[in-house]
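These numbers were taken from a predicted model, which means no experiment stands behind them. So that the names make sense, note that chain A is the first sequence line, chain B the second, and so on, each numbered from 1.
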2 protein chains.
Amino acid sequence: MGSRMDEENHIDEDDNDNDAKFKSKNLKAERKRRKKLSSRQLELRSIMNKATIITDAITYIEQLKNSVEELSNQLLQMEATTFDEEKIKLKEIHDEQETKKWGIIPEAEVHVNNICGTKLWIRIVLQKKRGALTKLMEGISLLGIDLNDTSITTSSGAVLFTTFGEGIRGGLPDAGQMKKYLLEIMRSI
Amino acid sequence: MGSRMDEENHIDEDDNDNDAKFKSKNLKAERKRRKKLSSRQLELRSIMNKATIITDAITYIEQLKNSVEELSNQLLQMEATTFDEEKIKLKEIHDEQETKKWGIIPEAEVHVNNICGTKLWIRIVLQKKRGALTKLMEGISLLGIDLNDTSITTSSGAVLFTTFGEGIRGGLPDAGQMKKYLLEIMRSI
DNA sequence: TTAAACACGTGAATC
DNA sequence: TGATTCACGTGTTTA
């Protein structure tokens, strides 16, 4: 028998001195305990709503893990390739940019010097282009010139071609004519 | 008054038919309710241990976030610098490696061709070194040679020096002598 | 012993 | 109405 209707009418006003009518000594303590318990339960219920963040946390963690994996792979791939093909590619890109920065060679620069009638000193600076050197060598060869000391050097997208030539059968075209001819070849590429 | 000592001695044997002595009709229901509640509480306690994973989850998320940020920064930095100084550095490293791969030029390679008595065709390949070209030009100048068409090209740590020279006062040293002299200069650097 | 925790029966409130 | 939930006082157990 424990309801408020048991006795007169004013029993459980908090912590008042009206507990003389009860036999139990732990009445007050039990009231306090129940109150605490109840409040704790309410507290628990209030934070239980926040338990939904666990679901969010799971998906969030998944996203983060994916990001980490993706980024790690990217870095690994970058580091792995950057000291091989990638570096060469970067160099080529850099060369292109450098060439553009310093200005594109508008047209091959050709120098032909006729020396002692049968000897040639050729110096050509041209923009690096696929097949250009092949055509150049081919053209010079067609003119019947034997190339003795040829050096081809490329740097920053430009090509320096220097050679020391000689007419195969003594005869040799005029230096001016040859220059025109070589320029023609360069333009045609 | 609700303990087992209130009445005779055999009250709450589960769900027996001995509830005729009690006035309340909800006695059985209340017993069942309390039992259920208690078991639920135990159940809750058992899974509450797993609540510690929330703490772990928090630290785990922090770690992941740090990783993501770090990796992103690395990538950004790599992408940002790789098209400027970094690429040049990569190129230089690549050049160094290339030079080593193809073997270091053991000693300057000097070609001197005497043409028509007063003209020279000089071709020197040397390892890039500070001050080397200055010494070279200085030496050639001291020999009284006027350099008409000179090209200096560097690539992969090597230097190609080609020039077409002429004796200033008609006189010109012997090609073999000159070669020795130039090699001496190259060695002294 | 004391004090806190627990289980119980019960009356009232809620739906 | 009837079934369920809640709060209470109390006796017992536990530490």
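Rounded to 10°, the angle separating the first-five-pair axis and the last-five-pair axis of the helix from C:dT2-D:dA15 to C:dC15-D:dG2 equals 20°.
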Between protein and nucleotides 4-6 of chain C, what N or O pairs are separated by less than 3.5 Å?
from	atom 1	to	atom 2	distance (Å)
C:dC6	N4	A:E30	OE1	2.9

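Not counting sequence neighbours, the partners of B:E30 by the salt bridge (charged side-chain N to carboxylate O under 4.0 Å, His left out) test are B:R33, B:R34. Remark: A:N26 pairs with A:S24 by the side-chain hydrogen bond (donor to acceptor under 3.5 Å, both in side chains) rule, at least two apart or across chains. Qualifying side chain to side chain contact (heavy atoms under 4.5 Å, CB included) partners for B:S72, counting only residues two or more places apart in sequence or in other chains: A:L71, B:V68. For B:T163, the side-chain hydrogen bond (donor to acceptor under 3.5 Å, both in side chains) partners at least two apart in sequence or on another chain are B:T150.
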Would you list the atom pairs, donor with acceptor, under 3.5 Å between side chains in residues 172-189 of chain B and any protein atom, with sequence neighbours excluded?
from	atom 1	to	atom 2	distance (Å)
B:D174	OD2	B:G176	N	3.1
B:D174	OD2	B:Q177	N	3.3
B:R187	NE	B:E107	OE1	2.8
B:S188	OG	B:I185	O	2.7

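To the nearest angstrom, C1' of D:dT10 lies 12 Å from CZ of A:R31. Counting to the nearest Å, the P atom of D:dT5 and the NZ atom of B:K25 are 18 Å from each other. As a whole-Å value, the separation of B:L27 CG from D:dT4 C1' is 15 Å. Between the NZ atom of A:K32 and the P atom of D:dC8 there is a distance of 16 Å, rounded to whole Å. Nucleotide D:dG9 holds its C1' atom 7 Å from the CZ atom of A:R34, rounded to whole Å.
Within the structure, no pair that satisfies the salt bridge (Lys or Arg N to Asp or Glu O under 4.0 Å) test touches residues 63-76 of chain B, not counting sequence neighbours. Screening residues 111-124 of chain A for salt bridge (Lys or Arg N to Asp or Glu O under 4.0 Å), with sequence neighbours left out, gives A:E109-A:R123, A:R123-B:D149.
When side chains are defined from C-beta on, B:L120 does not count as touching B:F164, because their heavy atoms never get closer than 4.5 Å.
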